[in-house]
Amino acid sequence: MLDGEPCSILDNEYVKPGKGQAFNRVKLRNLRNGRVVEKTFKSGDSLEGADVMELEMEYLYNDGEFWHFMATDGSFEQHAASQEALGDTVKWLKEQEIYTITLFNGAVLTVAPPNFVELEVVETDPGLKGDTAQGGNKPATLTTGAVVKVPLFINIGDKLRIDTRSGDYVSRA
Amino acid sequence: MNWQPSAEMHALRSRARMNQQIRQFFAARDVLEVETPVLASAPVSDPNIEPMCTSEQRWLQTSPEYAMKRLLCAGSGDIFQIARVFRRGEAGRRHNPEFSMLEWYRVGFDHRRLMDEVAELVTQLLSARYPQLPRLNLSYDEAMKGYAGLDVHSASNEQIAVLGQQLAGQDLQLSRDGWLDVIMSHQVEPSLPADTLVFIDDFPASQAALARVSNNTEGVAVAQRFELYFNGAELANGYHELTDAEEQRRRFVQEAGGRPIDEYLLAALEHGLPDCAGVAMGLDRLLMLVQDSGNIADVLSFDWSRA
């Protein structure tokens, strides 16, 4: 815990001048927003441990304010994520898909999507028949509202495989 | 369970070779090799070094300094030792809580003359990897001015604390010397010229430890102490040794903080320490340089995690 924010330690270097105070130079990633900060501590100083855990959870539904998930470990444990916790993952949200939920003090801190999701196209320019090989692309809107660049032959109703890390079209599903 | 050594065999051979070179270097100069107790009745007084203690209330040496000074007081003349020393909690890429230290004392030398000898030895030990080693001598003031833009003598405590806080990323509630350590380790050390033996001397009198204090050419009191830096690592720390038993007792009492004081050393100093200079050098760090390694575990047969 650093300034009330849960962080993970990326790097911790011990620095000891010959005859002086010893320090630890620590690189931390803020688990809430992903930002990396570097800070120096006096050696021996302690920070409060963050009560953080990760769970695999299935997306159930949105009640207008919160997004609800259920644990896949057979416990049927449920957690609700706020819009802030969900962040950009909202673009890749699909019922029955499995997401990695980070809980902090029992509340949802972040929701990470799987690396690939399959989503249906709800809007795009009509497909060009026969054009399956040539380059060129066009925007397509998916069921979640996300807009991705797709090849010209894609039609409304097609299911697409998307890489959530880059937001890129991979293939037709 | 990983029973395998953390060092590769060539690193072990490199260590054996380095120890041989050191012994030859001192044999050629008539410096006597000595051994002193690893377990002593009193620990180091420096509050920044945390000693380990056995269940028999014996302290593992954090450096062989006190016992070697007693030998000097007893008339040993020039002496050196390759010692195993122990410091609680000092673990990291360049630190292992148990490590090897070369310490030597030269009667009649001041710290400047000893710096020359340190440069000579280190140049020999590193010659396989660094055939040419330029040398740079800086005073503490020059180093702070040149690499951190800080005029140590005119800077107020607040100015020093502000710069220190910028580098640390937060307020660590440190003393003036504490913040100076932050500036030295975070800003100055990484900016020193590469592949160069950099000696820094004339430390602030408040950081004298067991060194003499004298006035520099501008009349400011400075410690006759030096540190050797090489490629961002600190390799050696030396003093023109304090011989005044009264002053030594005063510094011991001031910093002991509940630890027992080494009365043997004080009694020996009262008897009389010859005018001498002494230096301690981390051998594992030197081996890391010879081996081009970024991790001390690579040069230890078994590092702390598998000792």
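Below, chains carry the letters A, B, ... as their sequence lines are ordered, and counting in each starts from 1.
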Engineer: For the candidates Q207(B), E189(B), H95(B), E50(B), which exhibits the highest count of non-hydrogen atom pairs separated by less than 4.5 Å from chain A?
Structural biologist: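 Most heavy-atom pairs within the cutoff with chain A belong to H95(B).
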Engineer: Can you tell me which portion of L180(B) sits under 4.5 Å from chain A's heavy atoms? Options are side chain, backbone, both or neither.
Structural biologist: neither
Engineer: Are there more than 12 heavy atoms of other residues, nucleotides or ligands under 6.0 Å from atom NZ of K27(A)?
Structural biologist: no
Engineer: Could you walk me through whether R94(B) and Y14(A) satisfy the side chain to side chain contact (heavy atoms under 4.5 Å, CB included) test, starting with their C-alpha distance in whole Å, then the side-chain angles of each, then the deciding distance to 0.1 Å, before giving a yes or no?
Structural biologist: CA-CA 8 Å; R94(B) 284 182 183 158; Y14(A) 181 79; over 6 Å; no
Engineer: Let me see the working for Q21(A) and L174(B) under side chain to side chain contact (heavy atoms under 4.5 Å, CB included), right down to the final yes or no.
Structural biologist: CA-CA 9 Å; Q21(A) 166 83 48; L174(B) 297 172; 4.1 Å; yes
Engineer: Checking T40(A) against L172(B) for the side chain to side chain contact (heavy atoms under 4.5 Å, CB included) test, could you report, in this order, the C-alpha distance in whole Å, the side-chain angles of both residues, the deciding distance, and whether it holds?
Structural biologist: CA-CA 8 Å; T40(A) 297; L172(B) 299 171; 4.1 Å; yes
Engineer: If you count the non-hydrogen atoms of other residues, nucleotides and ligands that lie under 6.0 Å from CZ in R250(B), is the total more than 12?
Structural biologist: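 Enclosed: over 12 neighbouring heavy atoms sit under 6.0 Å from CZ of R250(B).
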Engineer: CD of E84(A): more than 12 outside heavy atoms within 6.0 angstrom?
Structural biologist: no
Engineer: Hey, what do you get for CD (E38(A)) to CG (L167(B)), rounding to the nearest 0.5 Å?
Structural biologist: 10.5 Å
Engineer: Any ion pair linking D181(B) and K42(A) (charged N to carboxylate O, less than 4.0 Å)?
Structural biologist: no
Engineer: Using a cut-off of 6.0 Å, state whether more than 12 heavy atoms not belonging to R176(B) lie near its atom CZ.
Structural biologist: yes
Engineer: If you draw a 6.0 Å radius around CG in D88(A), do more than 12 non-hydrogen atoms from other residues or ligands fall strictly inside?
Structural biologist: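 Open.
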Engineer: Taking atom CD of Q83(A) as the centre, report whether more than 12 heavy atoms of other residues, nucleotides or ligands fall under 6.0 Å from it.
Structural biologist: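 Check fails, neighbour count at 12 or below.
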Engineer: Any idea which of G178(B), A91(B), G92(B) has the most non-hydrogen atom pairs under 4.5 angstrom with chain A?
Structural biologist: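 Option with the greatest count: A91(B).
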Engineer: Would you mind checking which part of D11(A) comes under 4.5 Å of any heavy atom in chain B, side chain (CB onward), backbone (N, CA, C, O), both or neither?
Structural biologist: side chain
